[in-house]
J.: 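Pasting in a structure now, in structure tokens, and then I'll have a few things to ask.
Atoms within each ligand, like the ligands themselves, are counted from 1 in listed order.
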Amino acid sequence: MQHTIKPIGFLHSCFKEKFAIPRQPQLAPAARGVLELVPPFDRAEAIEGLEQVSHVWLLFLFHRALEDKPRLKVRPPRLGGNATMGVFATRATHRPNGIGQSVVKLERVEPGRLWLSGIDLLDDTPVLDIKPYVPYADQVPDAFNHIADAPPPQVKLEWQDTALQQARSHALRLGEPLVELIEQCLAQDPRPAYQVPEPGRRYGVLLWDVQVRWHYPEPGRIRVLEVVAA
Ligand code: SAM
């Protein structure tokens with residue numbers, strides 16, 4: 001039997017491009033978005049009871065990484081982008097059927113809308129299903145993963161005074177924890193691991209509707225230079 005999978009909603013996310021999105025959910029609690037459900041799932045019946053759970057699993061489509069030819073091996077960024085590994089040993093975006101999964105915090109719910117935080121999903125991501133997180137079943141206290149046994153190491157982040165003021169005023173305008181979002185995302189060093197940053201080179205990313213620019217005065221240290229309307 002052939003079955004067609006259709007999105008139950010689309011995520012409006014703070015992340016407008018892939019660069020600087022954390023590699024997993026929960027790494028940036030200030031990363032927020034709203035999942036807009038499509039008919040018929042936008043009706044009150046579909047979310048009845050959901051106010052009783054703190055976190056949900058999102059199953060979604062890596063819509064900006066879909067490929068026709070399946071890969072058996074991938075290059076996880078964690079391994080520096082050079083070493084390969086079996087696709088099923090990783091959480092790489094390039095994978096059969098392009099399905100992603102993330103546990104995210106459910107901040108608020110109303111018919112047709114779920115407010116989420118701690119997300120690692122791109123804007124407009126099609127969401128295929130939502131399931132409540134079940135702590136007793138989903139937590140595995142003695143689990144291990146020797147490939148990814150700890151969150152990525154953090155780099156030191158400092159602000160140029162003007163950039164911090166800009167971020168604070170955009171945060172007020174947006175009603176979003178923008179300073180924290182920038183700090184949490186950049187501290188994970190979005191730059192590809194194999195690239196040695198030159199102090200003169202500027203990096204940038206679009207978060208919500210603002211362009212954030214930074215450089216590396218030295219490897220392992222980020223200085224935020226400006227936060228301006230895109
Ligand atoms: N937690 C999910 C999982 O394990 O299936 C995603 C992990 S994946 C390594 C995280 C990366 O996916 C992010 O850093 C971002 O660059 C990328 N990403 C997020 N949403 C995407 C989308 N809709 N299409 C393509 N890439 C996406």
Side-chain angles (χ1 to χ4, degrees), residues 5-36 38 55-71 73-106 114 116-133 138-140 143-145 147-155 181-195 203-208 212:
I5 290 178
K6 289 196 213 109
I8 52 95
F10 294 85
L11 186 76
H12 296 304
S13 159
C14 54
F15 298 119
K16 308 299 175 188
E17 50 187 285
K18 285 191 224 169
F19 190 49
I21 303 184
R23 292 195 192 134
Q24 287 301 334
Q26 313 295 331
L27 295 173
R32 309 200 320 170
V34 181
L35 174 54
E36 303 262 2
V38 296
H55 292 73
V56 288
W57 283 102
L58 296 183
L59 298 174
F60 60 93
L61 203 61
F62 286 118
H63 72 305
R64 294 267 302 277
L66 296 173
E67 295 177 324
D68 289 337
K69 195 166 173 280
R71 298 188 193 198
K73 301 206 90 177
V74 293
R75 293 177 197 279
R78 185 179 274 274
L79 302 184
N82 291 325
T84 59
M85 192 154 275
V87 64
F88 298 127
T90 80
R91 303 275 283 257
T93 58
H94 295 286
R95 56 191 317 111
N97 299 312
I99 292 176
Q101 59 177 90
S102 295
V103 175
V104 298
K105 186 162 185 219
L106 180 58
L114 274 63
L116 306 167
S117 66
I119 60 176
D120 60 345
L121 281 74
L122 199 53
D123 197 34
D124 283 335
T125 294
V127 175
L128 306 174
D129 203 354
I130 304 163
K131 299 192 190 194
Y133 183 80
D138 294 345
Q139 262 170 19
V140 186
F144 63 84
N145 181 335
I147 304 161
D149 53 5
Q154 302 222 334
V155 296
L181 177 65
I182 293 169
E183 290 179 345
Q184 291 165 8
C185 292
L186 297 195
Q188 287 167 55
D189 199 357
R191 183 186 48 88
Y194 49 84
Q195 214 180 72
Y203 292 77
V205 71
L206 186 64
L207 295 174
W208 294 114
V212 182

J.: Could you tell me if the side chain of Arg95 sits less than 4.5 Å from the side chain of Thr90, heavy atoms only?
T.: yes

J.: Flag the pair Leu58 / Thr125 as yes when at least one side-chain heavy-atom distance between them is below 4.5 Å, and no otherwise.
T.: no

J.: Could you check whether any side-chain heavy atom of Phe10 comes within less than 4.5 Å of a side-chain heavy atom of Val38, counting everything from C-beta outward?
T.: yes

J.: Between ligand 1 and the protein, tabulate every N or O atom pair separated by less than 3.5 Å, reporting distance only.
T.:
{"from": "ligand 1", "atom 1": "1 (N)", "to": "Gln24", "atom 2": "OE1", "distance (Å)": "2.8"}
{"from": "ligand 1", "atom 1": "1 (N)", "to": "Gln101", "atom 2": "O", "distance (Å)": "2.9"}
{"from": "ligand 1", "atom 1": "1 (N)", "to": "Ser102", "atom 2": "OG", "distance (Å)": "2.9"}
{"from": "ligand 1", "atom 1": "1 (N)", "to": "Asp120", "atom 2": "OD2", "distance (Å)": "2.8"}
{"from": "ligand 1", "atom 1": "4 (O)", "to": "Gln24", "atom 2": "OE1", "distance (Å)": "3.4"}
{"from": "ligand 1", "atom 1": "4 (O)", "to": "Arg91", "atom 2": "NE", "distance (Å)": "2.6"}
{"from": "ligand 1", "atom 1": "4 (O)", "to": "Arg91", "atom 2": "NH2", "distance (Å)": "3.2"}
{"from": "ligand 1", "atom 1": "4 (O)", "to": "Gln101", "atom 2": "O", "distance (Å)": "3.4"}
{"from": "ligand 1", "atom 1": "5 (O)", "to": "Gln101", "atom 2": "N", "distance (Å)": "2.9"}
{"from": "ligand 1", "atom 1": "5 (O)", "to": "Gln101", "atom 2": "O", "distance (Å)": "3.3"}
{"from": "ligand 1", "atom 1": "14 (O)", "to": "Ile21", "atom 2": "O", "distance (Å)": "3.2"}
{"from": "ligand 1", "atom 1": "14 (O)", "to": "Pro22", "atom 2": "O", "distance (Å)": "3.1"}
{"from": "ligand 1", "atom 1": "16 (O)", "to": "Lys18", "atom 2": "O", "distance (Å)": "3.4"}
{"from": "ligand 1", "atom 1": "20 (N)", "to": "Leu122", "atom 2": "N", "distance (Å)": "3.1"}
{"from": "ligand 1", "atom 1": "23 (N)", "to": "His63", "atom 2": "ND1", "distance (Å)": "2.8"}
{"from": "ligand 1", "atom 1": "23 (N)", "to": "Thr125", "atom 2": "OG1", "distance (Å)": "2.9"}
{"from": "ligand 1", "atom 1": "24 (N)", "to": "His63", "atom 2": "N", "distance (Å)": "3.4"}
{"from": "ligand 1", "atom 1": "24 (N)", "to": "Arg64", "atom 2": "N", "distance (Å)": "3.1"}

J.: For the residue pair Asp138 and Val103, establish whether any side-chain heavy-atom pair is separated by less than 4.5 Å.
T.: no

J.: Any side-chain heavy atom of Cys14 sitting closer than 4.5 Å to one from Arg32?
T.: no

J.: Does a side-chain heavy-atom distance below 4.5 Å link Asp123 with His12?
T.: yes

